[in-house]
A.B. asks: 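Let me begin by handing over the structure; questions about it come next.
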Amino acid sequence: MAQLQPVRGTHDLLPEQTRAHRRVTDCARDVALCYGFEEVSTPIFEFSQVFKRTLGDTSDIVTKEMYTFTDKGGDEVTLRPENTAGIARSFISEGLAQLTPLKVFYNGPMFRYERPQKGRLRQFHQIGVELIGVAQPQADIEVIACGARVLAELGVIELATLELNTLGDTESRTAYRTALVDYFSQYEADLSADSKERLVRNPLRILDSKNEGDRKIIADAPVFTDFLNTLSQDHFAAVREGLDALGIVYTLNPRLVRGLDYYCHTAFEFTTNALGAQGALIAGGRYDGLIGMMGGNETPGVGWAGGIERLALLGGDAPAAPRPIAVVPVGEEPQKIALELSETLRREGFRIDLAYSGNLSRRMKRANRLNVLAAVIIGEDEMARNAATVRHMDTGEQEEVPLASLPEYLARHR
RNA sequence: GUGGCUGUAGCUCAGUCGGUUAGAGCGCUAGAUUGUGGAUCUAGAGGUCGUGGGUUCAAUUCCCAUCAGCCACCCCA
């Protein structure tokens with residue numbers, strides 16, 4: 001048991017969990033399609049530069065959480081810790097600028113070297129959308145509405161609250177950042193160790209500190225709204241107006257900050273308190289500087305990512321496994337035609353499970369365990385009559401049906 | 001990365017104040033029922049008590065380390 005265990009923070013997805021994940025991804029994909037997004041996939045690893053350049057040299061992800069290695073050709077590559085950078089890279093290298101506005105949906109594994117907890121894994125899975133090439137607040141609104149809709153369709157919207165903030169444009173944020181550093185520097189000695197770190201790495205993060213001492217200092221810190229220029233204010237106002245018009249409720253959270261450098265203007269997060277400390281279900285925002293930062297033409301973008309494991313945990317029980325129909329041969333000859341019969345029925349679109357071995361009792365037991373809808377029993381007797389006995393497992397009723405009309409019969413009783 | 005809790009059968013958990021063959025329920029296998037599942041009864045399989053080391057006549061039990069899970073911090077999805 002201890003000898004052969006999965007790598008820390010990774011999980012096997014057995015049928016039940018896979019069904020739970022698929023419910024989330026299928027639902028999200030359907031919703032995203034409604035909003036005009038198309039599904040894409042980018043590679044699971046990229047050159048490390050893709051992430052280093054975009055996520056910020058000081059972000060936790062880059063400094064301590066990336067799975068980075070040198071491949072046999074000497075290239076330094078990294079297992080993707082998130083998918084926005086990969087999409088942006090693809091946008092540039094595939095020349096997708098001519099397709100703007102580009103709307104994509106993705107789903108897949110991400111990797112972060114973190115200390116595992118429930119809802120926090122080293123290999124985890126995300127769904128997400130990106131809307132690239134639209135600077136107008138309509139894009140922010142549409143993207144947020146899409147996220148809200150995914151949660152609603154999953155039936156977890158009641159457990160979530162939408163938190164909203166603006167990070168302003170670069171000009172506003174730089175001014176605010178400077179003011180914050182000035183302010184907190186006065187109290188540097190009283191700040192928690194974490195916050196002293198943050199003072200140099202990401203001063204905005206101090207605002208989010210849970211440390212009590214920090215909280216007192218934070219109470220009198222400069223407020224971002226005082227530093228927002230008109231453009232930033234207008235953008236944020238328009239986003240709020242749009243959400244109001246759509247009836248999407250949100251709470252303003254001035255302390256909502258993004259860990260990644262490329263975000264600006266709208267930042268939002270659908271959070272829950274039903275998962276302990278792992279509260280973020282869907283998080284995203286606007287990243288107008290990202291594509292330019294990577295070397296493409298300046299192109300605005302907005303998007304979000306959602307944690308599949310977290311959404312699946314909240315979503316309750318996995319959907320039931322599909323109920324197949326069992327083909328149960330009894331005897332040598334029937335055994336031979338059972339394979340053929342199974343294939344025929346499968347071609348007709350039925351989900352067929354063949355009872356491989358044992359006496360009839362054993363095979364029926366197995367069929368029962370698979371929760372089959374019906375058992376198609378075929379023995380010497382039936383063969384002689386070119387028929388099969390169909391037993392409906394829920395009622396226990398059974399009926400002999402000519403082989404030729406079996407598909408039609410089963411279709412009626414499906 | 002920091003602090004804490006936990007680790008006994010496939011699953012959920014009892015138990016041993018250190019002492020001979022470690023238990024239950026569920027599940028699994030077989031039989032009662034040689035062409036009929038689910039219910040019932042009977043029998044059976046399954047554990048180096050997470051791993052490694054130490055203390056001891058003796059360790060699943062005590063100590064240390066390690067691995068893993070969980071909780072909080074951190075970070076976020």
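The chains referred to below are lettered A, B, ... by the order of the sequence lines, with proteins before strands, and numbering in each begins at 1.
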A.B. asks: Need one value for A:L281: base, sugar-phosphate or nothing, where a base atom within 4.0 Å counts as base even if backbone is also close, heavy atoms only.
C.D. replies: sugar-phosphate
A.B. asks: Whole-Å distance between B:A72 P and A:L275 CG?
C.D. replies: 10 Å
A.B. asks: Cation over ring, A:R346 on A:F350, under 6.0 Å and within 45°?
C.D. replies: no
A.B. asks: Does a nitrogen or oxygen in the side chain of A:Q117 sit under 4.0 Å from OP1 or OP2 of B:G69?
C.D. replies: no
A.B. asks: Checking all strands, does A:K210 fall into the base, sugar-phosphate, or nothing category for heavy-atom contacts under 4.0 angstrom?
C.D. replies: sugar-phosphate
A.B. asks: Measure up the A:Y409 and A:H392 rings against each other and bin them: parallel (under 30°), tilted (30 to 60°), perpendicular (over 60°).
C.D. replies: tilted
A.B. asks: As a test of reading the structure: which of B:A77, B:C71, B:C75 is closest to the side chain of A:Q126, going by heavy atoms?
C.D. replies: B:A77
A.B. asks: Going by the side-chain contact (heavy atoms from CB on, under 4.5 Å) test, name the single residue among A:I157, A:T271, A:L275, A:T161 that passes it with A:L281.
C.D. replies: A:L275
A.B. asks: Does A:G119 reach a base, just sugar-phosphate, or nothing at all? Heavy atoms under 4.0 Å.
C.D. replies: base
A.B. asks: For A:G9, answer base if it contacts any base atom (sugar-phosphate contacts may also be present), sugar-phosphate if it contacts only those atoms, and nothing otherwise; contact means non-hydrogen atoms under 4.0 Å.
C.D. replies: sugar-phosphate
A.B. asks: Among B:A77, B:C73, B:G1, which is the nearest nucleotide to the side chain of A:Y113?
C.D. replies: B:G1
A.B. asks: Once you round it to whole Å, what is the distance between P of B:G1 and CZ of A:R122?
C.D. replies: 8 Å
A.B. asks: Calculate the interatomic distance between A:H21 atom NE2 and B:A77 atom P; express it in whole Å.
C.D. replies: 17 Å
A.B. asks: If you look at every heavy atom in A:Q126 and A:M110, which pair is closest and at what distance?
C.D. replies: OE1-CG, 3.6 Å
A.B. asks: Within the 4.5 Å heavy-atom criterion, are A:I377 and A:M364 side-chain neighbours or not?
C.D. replies: yes
A.B. asks: Collect all protein-nucleotide pairs involving nucleotides 34-38 of chain B in which both atoms are nitrogen or oxygen and the distance is under 3.5 Å.
C.D. replies:
residue	atom	partner	partner atom	Å
B:G35	O6	A:D381	N	3.1
B:G35	O6	A:D381	OD1	3.2
B:G35	O6	A:D381	OD2	3.2
B:G35	O6	A:E382	OE1	3.2
B:G35	N1	A:E382	OE1	2.8
B:G35	N1	A:E382	OE2	3.1
B:G35	N2	A:E382	OE2	2.6
B:U36	N3	A:Q398	OE1	3.1
B:U36	N3	A:Q398	NE2	3.2
B:U36	O4	A:Q398	NE2	2.7
B:G37	OP1	A:S361	OG	3.4
B:G37	O2'	A:N368	ND2	3.2
B:G37	N7	A:R391	NE	3.2
B:G37	N7	A:R391	NH2	2.9
B:G37	O6	A:R391	NE	3.2
B:G37	O6	A:R391	NH2	2.8
B:G37	N1	A:M393	O	2.6
B:G37	N2	A:N368	OD1	2.8
B:G37	N2	A:M393	O	3.1
B:G37	N3	A:N368	OD1	3.0
B:G38	O4'	A:N368	ND2	3.2
B:G38	N2	A:M393	O	3.2

A.B. asks: Within 45° of the axis and under 6.0 Å from the centre of the six-membered ring of A:F45, does NZ or CZ of A:R80 qualify?
C.D. replies: no
A.B. asks: Mind checking which stems touch RNA chain B? I mean at least 3 consecutive Watson-Crick or G-U pairs, both distances under 3.5 Å.
C.D. replies: B:1-7 with B:67-73, B:10-13 with B:23-26, B:28-32 with B:40-44, B:50-54 with B:62-66
A.B. asks: Please work out if A:A367 contacts a base, only the sugar-phosphate, or nothing of the nucleic acid, heavy-atom cut-off 4.0 Å.
C.D. replies: nothing
A.B. asks: Base, sugar-phosphate, or nothing: which does A:R8 touch, judged by heavy atoms less than 4.0 Å apart?
C.D. replies: sugar-phosphate
A.B. asks: Within this structure, what is the CD-to-P distance between A:E65 and B:G1, rounded to whole angstrom?
C.D. replies: 12 Å
A.B. asks: Hey, does A:Y176 have a side-chain heavy atom less than 4.5 Å from the side chain of A:L167?
C.D. replies: no
A.B. asks: Is A:I217 close to A:Y183 at the side-chain level, that is, under 4.5 Å between some pair of heavy atoms?
C.D. replies: yes
A.B. asks: Please report the distance separating the P of B:U6 from the corresponding atom of B:C63, rounded so that it comes out in whole Å.
C.D. replies: 11 Å
A.B. asks: Using a heavy-atom cut-off of under 4.0 Å over every strand shown, decide if A:I282 touches base, sugar-phosphate, or nothing.
C.D. replies: sugar-phosphate
A.B. asks: Between B:A77 atom C1' and A:L311 atom CG, what is the distance in whole Å?
C.D. replies: 8 Å
A.B. asks: Between C1' on B:C71 and CD on A:Q278, what's the gap in Å once rounded to a whole number?
C.D. replies: 10 Å
A.B. asks: Without decimals, in angstroms, what is the distance between A:L313 CG and B:C71 C1'?
C.D. replies: 15 Å
